Amino acid sequence: MTETNKRFPEGFLWGGATAANQMEGGFHEGNKGLNIADVLPGGKERLKVLSEPGFNFEIDHSKYTYPNHEGIDFYHRYKEDIALFAEMGFKAFRLSIAWTRIFPNGDELEPNEEGLAFYDRVFDELHKYNIEPVVTISHYEMPLNLVKEYGGWRSREVVTFFERYVNAIFNRYKDKVKYWMTFNEINSGLMMPIMGLGFSIQKEEDKYQPTFQAFHHQFVASSIAVKACHEIIPDAKIGCMIIFAPVYAFDSNPENQLYALQEERLFNYFCADVQVRGEYSPFIKRYFEQHNIDLKIEEGDLELLKENTVDYIGFSYYMSRTEKKHKTDEDKAHGNILSGIKNPFLNASDWGWEIDPAGLRVSLNKLYDRYGVPLFVVENGLGAYDKIEEDGSIQDDNRIDYLREHIAAMRDAINEDGVEMMGYTSWGCIDLVSASTGEMSKRYGYIYVDKHDDGSGTLDRKKKKSFFWYKDVIATNGENL
Ligand code: BG6
């Protein structure tokens, strides 16, 4: 490999990614209201809650623990954490704003000053070290009041509340934040409506109409945010954020090829088509007809979507997905959160997520070919158990290998395939609460946090081996992997 094709572009945004509900804690402080993440139980129970119909959105301390309430206490320790990110040389730090810090119930007329002031302090601290904040406006943390009183994103009224929220944060942070994203992993609402769309499906067969109506409201809300962002902060960039997992056909059987294509169009492209191209695709319109979905689209909605498309695509990449039309239970890759069947060529993580660095290069190519807008990998990483050695160190070579191979895949997509990329913020740069299982033991960080699944621990921070490795990657702009 020559020196030139080892390079990442100048100004590439290296960093790490997090979400408010998984790390801040302080769930009752600063007048913050309750959000969805605050009522999600910890441990494997959570996945059950997320994937089965009928969740009631109540806290029940007699049955469950609630790890997000304390998170990793970033709310009080942000200065220490940001100093560690700076020591690694971060150029960017992805975080989300908790909507309920700004509008505790979601439907107030005026924002909560204490919440606004908290993020002022965080952004100022980041700028002290020349770290660009990359802000997700809504990351699985819808105000609980909007869920209970309005039915989450099923309600059109929520669009108005969201508009108030984005106007408040764009006006307040216009000089501090230049990179924004609207809804985290918006397409995840297809499989986990609780976190993404703010409601629980009551009966499997009734899911289509409310799900896609809620998506329509989110698309309208997203376009309103894009429009407001462009008006209030003309030098900012605002993106969408999707989960992308390329779908491979299990074999060359044309039936399986077609099935993989259809799954890909629905899960991977449906949302980005609307947010990047500004319209519902012919495929999805047919899908609506086939499932008797009759979207209520208000006058002006379609023009709004068309005229206010995003500037870039942010996406998370953890795994690929392999599919065949007729699969048995035995074929299934059970750990993979995105279902699919086992891929005989891939190994899986401690949590059964299949590891596929080449799949990241495939994803970058597919997205760039289809949309031609800059791409930002805003999540990627290995959730794994960490072991503290006798000398106190954490030798997370498995994490380093994982990251090295994925970063090499991006480098090749840029240099060999001509893909345009803005940056890379690996997920959970500091250990935090897992979104799907509420566990602390599923660790992604370069920085270890002494907190355990049972809630015990000092919350002390400790640098892992990967901390020093990533620091060198950033210092050499990706040349030393
Ligand atoms: C993404 C989410 O799905 O994956 C994050 O945007 C999440 O919030 C991350 O934490 C990893 O998933 P998990 O379940 O291992 O935390």
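Numbering of ligands and ligand atoms starts at 1, following listing order. Just the heavy atoms: all of them, side chains too, but no hydrogens, waters or symmetry mates, feed the values below. Owing to the predicted nature of the structure, the values given are computational and were not obtained by experimental measurement.
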Centroid-centroid under 6.0 Å between F161 and W99 rings: no

Residue Y444 vicinity, atoms of ligand 1 by number, heavy atom under 4.0 Å: 11 (C), 12 (O), 13 (P), 15 (O)

Proximity to ligand 1 by part of W351, non-hydrogen separation under 4.0 Å: neither

Ligand 1 N/O within reach of Y140 N/O, cut-off under 3.5 Å: no

E185-Y140 side chain donor-acceptor pair, cut-off 3.5 Å: yes

Aromatic ring proximity, centroids under 6.0 angstrom, W153 and F183: yes

Ring-face cation contact, Y119 with R172, 6.0 Å cut, 45° max: no

Ligand 1 versus W353: contacting region, heavy-atom distance under 4.0 Å: side chain

Distance-only N or O hit between ligand 1 and T437, under 3.5 Å: no

S426 side chain to N380 side chain, donor-acceptor N/O pair below 3.5 angstrom: no

Polar contact flag for A435 and ligand 1 (N/O pairs, less than 3.5 Å): yes

N184 and ligand 1 - part of the residue with a heavy-atom distance under 4.0 Å: side chain

Over 12 non-hydrogen atoms of neighbours within 6.0 angstrom of CG in N347: no

